[in-house]
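Presented below is the structure to which this report refers.
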There are 2 protein chains.
Amino acid sequence: MSYENAEKITASELEVMKLLWRAQDALPVTEIREELQKSKGWEPATIKTLVSRLVTKGAVAQEKRKVFYYSPRISEEEYRAWATRDLIHRVYNGRAHDLVAALVHSDGLTQEDIQELRQMFRVED
Amino acid sequence: MSYENAEKITASELEVMKLLWRAQDALPVTEIREELQKSKGWEPATIKTLVSRLVTKGAVAQEKRKVFYYSPRISEEEYRAWATRDLIHRVYNGRAHDLVAALVHSDGLTQEDIQELRQMFRVED
DNA sequence: CATAAGAGTCTACAATTGTCAACTGCAATT
DNA sequence: AATTGCAGTTGACAATTGTAGACTCTTATG
């Protein structure tokens with residue numbers, strides 16, 4: 001499933017997705033709750049809502065066992081690709097290379113990053 | 001004024017900002033309206049709302065003449081920097097170079113883009 | 001088997017966003 | 001001076017988002 005036509009994932013929902021992406025297997029709500037309660041300070045109810053909305057949106061699959069187990073239906077890479085294209089269109093008027101230019105000139109990259117990127121560009125052909 | 005503490009600019013509002021960034025001088029609503037009515041099909045009321053909200057948010061300045069003239073208070077570069085940092089944090093867990101990696105591997109860049117980027121990285125030191 | 005914990009579902013509610021209409025006052029034109 | 005058009009302001013309203021409580025039904029445990 002590509003992210004193309006999927007509904008938009010919101011910032012809060014994205015935190016759930018990131019957790020699911022990090023996990024290798026499907027997770028029961030229990031684990032999702034434990035994690036996000038600690039890291040985000042969210043109430044269990046909030047977490048349950050987010051997971052439900054993600055299921056409704058088709059971004060997360062639920063698998064019935066004793067209890068539902070949840071796993072991502074879109075990969076982090078797909079989402080990243082979409083989010084990046086979205087940024088390029090919305091903010092950079094579709095010019096991908098303007099984004100990279102901005103990156104290079106910003107202080108967002110460390111000297112090491114720049115080195116790495118050079119490496120990357122050398123390797124890519 | 002840096003964008004750091006400014007309130008978030010929404011997608012619709014961004015269209016107004018882009019117009020103001022393109023214009024060299026401050027613009028009266030008349031011109032903003034004409035442009036966006038054509039390009040976006042928005043009603044005058046909608047456009048007026050967006051401009052007002054941007055003024056309230058501090059993203060746009062109004063200068064009193066016969067009629068108010070509007071101009072950006074934050075530059076496109078500042079906004080781009082902010083939006084890009086935001087993407088990197090939200091989606092790439094703070095790893096700027098992961099973003100570039102994704103870009104390089106995506107089909108978002110043409111072969112020419114890649115050439116250009118190489119150039120960029122060569123020049124940058 | 002009775003009971004408690006908590007997963008799953010439903011409902012809620014304020015803030016934000018996308019869209020726009022109505023009113024009000026000034027300014028140009030007759 | 002009277003009229004008309006439109007800038008500026010206020011209000012509106014539905015959809016989305018962030019955040020969470022309440023209720024129900026299942027399942028593990030005494």
Side-chain angles (χ1 to χ4, degrees), chain A residues 5-20 23 25-71 79 83 86 89-91, chain B residues 5-20 23 25-71 79 83 86 89-91:
Chain A
N5 2 34
E7 281 175 76
K8 225 176 62 189
I9 291 173
T10 74
S12 293
E13 288 164 359
L14 189 56
E15 296 303 320
V16 178
M17 292 304 291
K18 287 204 233 177
L19 173 54
L20 294 178
D25 301 310
L27 298 181
V29 154
T30 328
E31 290 196 38
I32 303 179
R33 184 170 45 62
E34 267 168 27
E35 275 277 322
L36 294 177
Q37 208 161 2
K38 236 181 295 176
S39 63
K40 294 287 156 186
W42 289 335
E43 293 300 313
T46 303
I47 296 159
K48 285 187 274 182
T49 299
L50 294 175
V51 172
S52 296
R53 285 182 183 167
L54 284 167
V55 171
T56 304
K57 288 182 178 183
V60 161
Q62 46 178 203
E63 176 197 348
K64 183 76 182 169
R65 299 191 199 169
K66 286 271 146 78
V67 127
F68 281 129
Y69 276 66
Y70 299 91
S71 54
Y79 180 74
D86 178 61
H89 282 132
R90 268 192 317 118
V91 175
Chain B
N5 2 35
E7 282 175 73
K8 223 175 66 188
I9 291 172
T10 73
S12 294
E13 288 164 0
L14 189 56
E15 295 304 319
V16 178
M17 293 304 289
K18 287 205 232 176
L19 174 54
L20 294 177
D25 302 309
L27 297 181
V29 154
T30 329
E31 289 196 39
I32 302 179
R33 183 169 44 63
E34 268 168 26
E35 275 277 322
L36 294 178
Q37 207 162 1
K38 236 180 297 177
S39 64
K40 294 288 156 184
W42 287 337
E43 292 301 311
T46 303
I47 295 159
K48 285 188 275 181
T49 299
L50 294 174
V51 172
S52 294
R53 285 183 183 165
L54 284 167
V55 171
T56 304
K57 288 182 179 183
V60 161
Q62 46 178 201
E63 176 197 347
K64 183 75 182 171
R65 300 191 198 168
K66 284 272 146 76
V67 127
F68 281 129
Y69 276 66
Y70 300 90
S71 53
Y79 179 74
D86 178 61
H89 282 131
R90 268 191 315 110
V91 176

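Lettering follows sequence order; numbering is per chain, from 1. Keep in mind that this is a model prediction, so the values were computed, not measured.
- The separation between A/L54 atom CG and D/dG18 atom C1' is 13 Å, rounded to whole Å.
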- Task: Please report the C-alpha distance between A/F68 and A/V29 in whole Å, then the side-chain angles of each, then the deciding distance to 0.1 Å, and finally whether the side chain to side chain contact (heavy atoms under 4.5 Å, CB included) criterion is met.
- Result: CA-CA 7 Å; A/F68 281 129; A/V29 154; over 6 Å; no
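- Between A/K8 and the phosphate of C/dT17, there is no side-chain N or O to OP1/OP2 separation shorter than 4.0 Å.
- In this model, the phosphate group of C/dT19 is approached by a side-chain N or O of B/S12 to a distance below 4.0 Å at OP1 or OP2.
- Residue A/R65 contributes atom CZ, which lies 17 Å from atom C1' of D/dT27 at whole-angstrom precision.
- If you take CD1 of B/I9 and C1' of C/dT16, they are 15 Å apart, rounded to a whole angstrom.
- B/R53 and B/E13 are not joined by a salt bridge, as no carboxylate oxygen comes within less than 4.0 angstrom of a charged side-chain nitrogen.
- Side-chain proximity of A/A11 to C/dG8, C/dA22, D/dG18: nearest is D/dG18.
- The distance between atom CG of B/L50 and atom P of C/dA21, rounded to the nearest whole Å, is 14 Å.
- When side chains are defined from C-beta on, A/K48 does not count as touching A/I32, because their heavy atoms never get closer than 4.5 Å.
- Among the atoms of the strands shown, only primed sugar atoms or phosphate atoms (P, OP1, OP2) are found under 4.0 Å from some heavy atom of A/Y70.
- For the pair A/K57 and A/T10, the minimum side-chain heavy-atom distance is below 4.5 Å.
- The A/V29 side chain lies nearest to C/dA7 when the options are C/dA7, D/dA20, D/dG8.
- Looking at which nucleotide of DNA chain D each of A/T46 and B/R53 is closest to, the 5′-most match is held by B/R53.
- Distance, A/K57 NZ to D/dA15 C1': 12 Å, rounded to whole Å.
- For C/dG18, the OP1/OP2 oxygens have no side-chain nitrogen or oxygen of B/W42 closer than 4.0 Å.
- What separates NZ of A/K64 from P of D/dT27 is a distance of 7 Å, to the nearest Å.
- Of all the heavy atoms in B/I9 and B/L14, the pair that sits closest is CG2-N, 3.7 Å.
- Close to C/dG18, at under 4.0 Å from its OP1 or OP2, lies a side-chain N or O of B/T10.
- Nucleotide D/dT19 holds its P atom 14 Å from the CD atom of A/Q37, rounded to whole Å.
- Proximity note for B/T30 (side chain, C-beta onward) versus D/dA20, D/dA7, C/dA7: the nearest is D/dA7.
- One atom, CD of A/E63, and another, P of C/dA7, lie 17 Å apart when rounded to the nearest Å.
- Applying the 4.0 Å criterion to OP1 and OP2 of C/dC23, one finds that B/K48 has every side-chain N and O outside that range.
- Within the structure, every side-chain polar atom (N or O) of A/T49 is placed at least 4.0 Å from both OP1 and OP2 of D/dT19.
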